[in-house]
Amino acid sequence: MTQTLRLIIGSYTHSLPHVEARGEGISFVDLDTATGRFSLVATHAAIRNPSYLALDRGLLYAVEELGADEATLTVFACDTSAARLTQRAKVPAHGAWPCHIGFDPGRARLFLSNYLDGSFVTWPLDGQGLPHGTPTVLRRTGHGPNPDRQDGPHTHFALAMPDGAHVWICDAGTDEIARYGLTGPNAVAATPDLVLQAPPGSLPRHMALSHDGMRLFVVSELGNLVSTWQIGPSGAELLGHVPTLAPGHAVPSSSAAIRLHPNGRFLCSSNRGDDSIAVFDTATATGLPAFLGTFATRGRTPREFAISDDGGTMVIANQDSHALTALRIAPQTGALYPLGEPFAIGSPVCVAIACTSRPTASIC
């Protein structure tokens, strides 16, 4: 049966040291999952460098990855069926190069990670999901052993625990995964109560949590590995590290995103340079994910990817080949297979799946 995924794509519009921008902002794109055919629906160019998007309860949250004087968090009312965005709020990022948006489980707080200066911002959200009041801004300190990439803190990702008591922060600049308490009305503690150490110089970048909330998976950018910790009442136990690259890979590569499959079993991460998706099986006796293999993204520099709610389709933003690609996911094995042909779009760096429509559904 034909199924259409409506995608929201964030693309770079202004070049940064690590990217040549050719994008137009935020685009709505449809994907026919039967044929793999993409089609452009609409483009919204009135936003700069939307490098991360988060869709929640009819609102689209977007960062503008720019310098400290210009970087913002922008919130749109998102009509997915009409592919229409209406700005509802725009507030400063309170840092440089914001790169990730997260939420607490009750949607009372929004977390903003600012890569360049290592700041971490917690915005209170009102009953409509809009930022209000005064944010809490944490200025992390420290550095790592790589002078070119770790001259200071570089916060990259925030992940709240399901019970709403803590938030984990990935700091690529210090090789730390730091846990902060969520305190008071919509606030966050000033100092961490637990710090996990990634391998020196590995640059921990993104995280995922097992469905039971007991295992934390962290992908490290230069380490090209997934580290797994068992989370318990008294702290966290390191279970080990698993490479994201197949033995004998021939080109320099750096990991980017990590996501858990909706079935909770398979874990996927993207490799930029090797230009592949690594797939792991988390259903192991030891709890440490088992590497199953890598699968070509059919594009260069897979910055981000998204998996459909039914677990059958993966959409990948290939930043440097300026294209989206789709892969079909085998539900029993986690293997990935080409679906359709690449779709040209400038500098895609983020993918959000807005909705799924079927012949029986008139709106998303």
Side-chain angles (χ1 to χ4, degrees), residues 9-12 15-23 49-53 63 65 97-100 113 115-116 144 146 148-150 154-157 170-173 175 198-199 201-208 217-227 241-260 267-280 291-307 314-327 336 338 342-352:
I9 310 300
S11 300
Y12 277 122
S15 294
L16 293 173
H18 59 290
V19 63
E20 177 188 354
R22 299 183 190 174
N49 284 10
S51 64
Y52 202 88
L53 307 174
V63 295
E65 188 175 332
W97 291 12
C99 59
H100 181 256
S113 299
Y115 173 81
L116 192 61
N146 184 329
D148 294 329
R149 295 293 307 277
Q150 296 181 307
H154 296 303
T155 58
H156 218 306
F157 198 95
C170 262
D171 189 335
D175 294 318
S202 64
L203 280 72
R205 179 182 171 95
H206 278 203
M207 295 177 281
F217 308 109
V218 180
V219 67
S220 291
E221 182 171 338
L222 295 188
N224 292 300
L225 51 82
V226 172
S227 303
H241 313 288
V242 181
T244 65
L245 299 168
H249 70 94
V251 296
S253 194
S254 63
S255 296
I258 188 168
R259 295 191 180 277
L260 190 67
L267 188 69
C268 303
S269 68
S270 60
N271 295 313
R272 299 170 296 178
D274 190 64
D275 296 334
S276 65
I277 300 293
V279 180
F280 308 85
F291 178 75
L292 297 179
T294 54
F295 302 85
T297 63
R298 301 185 298 152
R300 288 188 293 113
T301 319
R303 167 75 171 260
E304 257 283 7
F305 62 94
I307 301 173
M314 178 183 292
V315 181
I316 304 163
N318 296 291
Q319 174 185 300
D320 291 340
S321 58
H322 305 282
L324 303 175
T325 52
L327 300 176
L336 307 177
F343 177 74
I345 187 169
S347 309
V349 290
C350 189
V351 182

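The structure displayed is predicted, hence computed values, not measured ones.
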(request) State whether a side-chain donor-acceptor pair under 3.5 Å links Thr244 with Ser269. (result) no
(request) Decide whether Asn271 and Ser276 meet the rule of one side-chain donor and one side-chain acceptor closer than 3.5 Å. (result) yes
(request) Would you name the heavy atoms of Asp320 and Thr301 that are closest together and state the gap between them? (result) OD2-OG1, 2.7 Å
(request) Give the C-alpha distance, both sets of side-chain angles, the deciding distance and a yes or no for side-chain contact (heavy atoms from CB on, under 4.5 Å) between His322 and Ser347. (result) CA-CA 5 Å; His322 305 282; Ser347 309; 3.4 Å; yes
(message) Just to verify, what does Tyr115 make a ring-ring contact (aromatic ring centres under 6.0 Å, His included) with, not counting sequence neighbours?
(response) His154, His156
(message) Just so I know, are the side chains of Ser220 and Leu203 near enough to count as touching, which here means a heavy-atom distance under 4.5 Å?
(response) no
(message) Working to the nearest 0.5 angstrom, can you tell me the gap between Asn318 CG and Thr297 OG1?
(response) 4.5 Å
(request) Please name the pair of heavy atoms, one in Cys268 and one in Ile307, separated by the smallest distance, quoted to 0.1 Å. (result) SG-CD1, 4.4 Å
(message) Less than 4.5 Å apart, side chain to side chain, heavy atoms only: is that true for Ser113 and Cys170?
(response) no
(request) Would you mind reporting whether Leu245 and Ser253 have side-chain heavy atoms less than 4.5 Å apart? (result) yes
(request) Compare every heavy atom of Ala317 with every heavy atom of Val351, then report the nearest pair and how far apart it is. (result) CG2-CB, 3.8 Å
(request) Check Asp171, Asp175, Val219 against Pro204 for a side-chain contact (heavy atoms from CB on, under 4.5 Å) and give me the one that passes. (result) Asp175
(request) Determine yes or no for a side-chain-to-main-chain donor-acceptor pair under 3.5 angstrom, with His249 supplying the side chain and Val251 the backbone. (result) yes
(request) Please name the pair of heavy atoms, one in Ala278 and one in Phe291, separated by the smallest distance, quoted to 0.1 Å. (result) CB-CE1, 4.1 Å
(message) Working to the nearest 0.5 angstrom, can you tell me the gap between Phe305 CZ and Ile258 CD1?
(response) 7.5 Å
(message) Distance check, rounded to the nearest 0.5 Å: Leu116 atom CG versus Leu16 atom CG?
(response) 9.5 Å
(message) Measuring only between side-chain heavy atoms, which start at C-beta, is Leu222 closer than 4.5 Å to Ser202?
(response) no
(request) Please round to the nearest 0.5 Å and tell me the distance separating atom CG of Leu324 and atom CD1 of Ile345. (result) 5.0 Å
(message) Could you measure the distance from the CD1 atom of Ile277 to the OG1 atom of Thr325? Nearest 0.5 Å is fine.
(response) 8.0 Å
(request) Please answer whether the main-chain N or O of Ala172 pairs with a side-chain N or O of Gln150 as donor and acceptor at a distance below 3.5 Å. (result) yes
(request) Identify the heavy atoms of Leu260 and Ala208 that sit nearest to each other, and give their distance. (result) N-CB, 4.4 Å
(message) Has Ser270 got a side-chain atom pairing as donor or acceptor with Ala257's backbone, closer than 3.5 angstrom?
(response) yes
(request) Mind jotting down which residue pairs meet the salt bridge (Lys or Arg N to Asp or Glu O under 4.0 Å) criterion with at least one end in residues 294-304? Sequence neighbours excluded, please. (result) Glu65-Arg303, Arg259-Glu304
(message) Tell me whether Ser15 contacts the main-chain N or O of Ala21 through its side chain, where contact means a donor paired with an acceptor under 3.5 Å.
(response) yes
(message) By the definition side-chain contact (heavy atoms from CB on, under 4.5 Å), identify the one residue from Leu292, Val279, Val226 that meets it with Leu267.
(response) Val226
(message) Working to the nearest 0.5 angstrom, can you tell me the gap between Arg22 CZ and Gln319 CD?
(response) 11.0 Å
(message) Contact between Ser51 and Val63 at the side-chain level, heavy atoms closer than 4.5 Å - yes or no?
(response) yes
(request) Would you check if Met314 and Phe295 make a side-chain contact, meaning some heavy-atom pair closer than 4.5 Å? (result) no
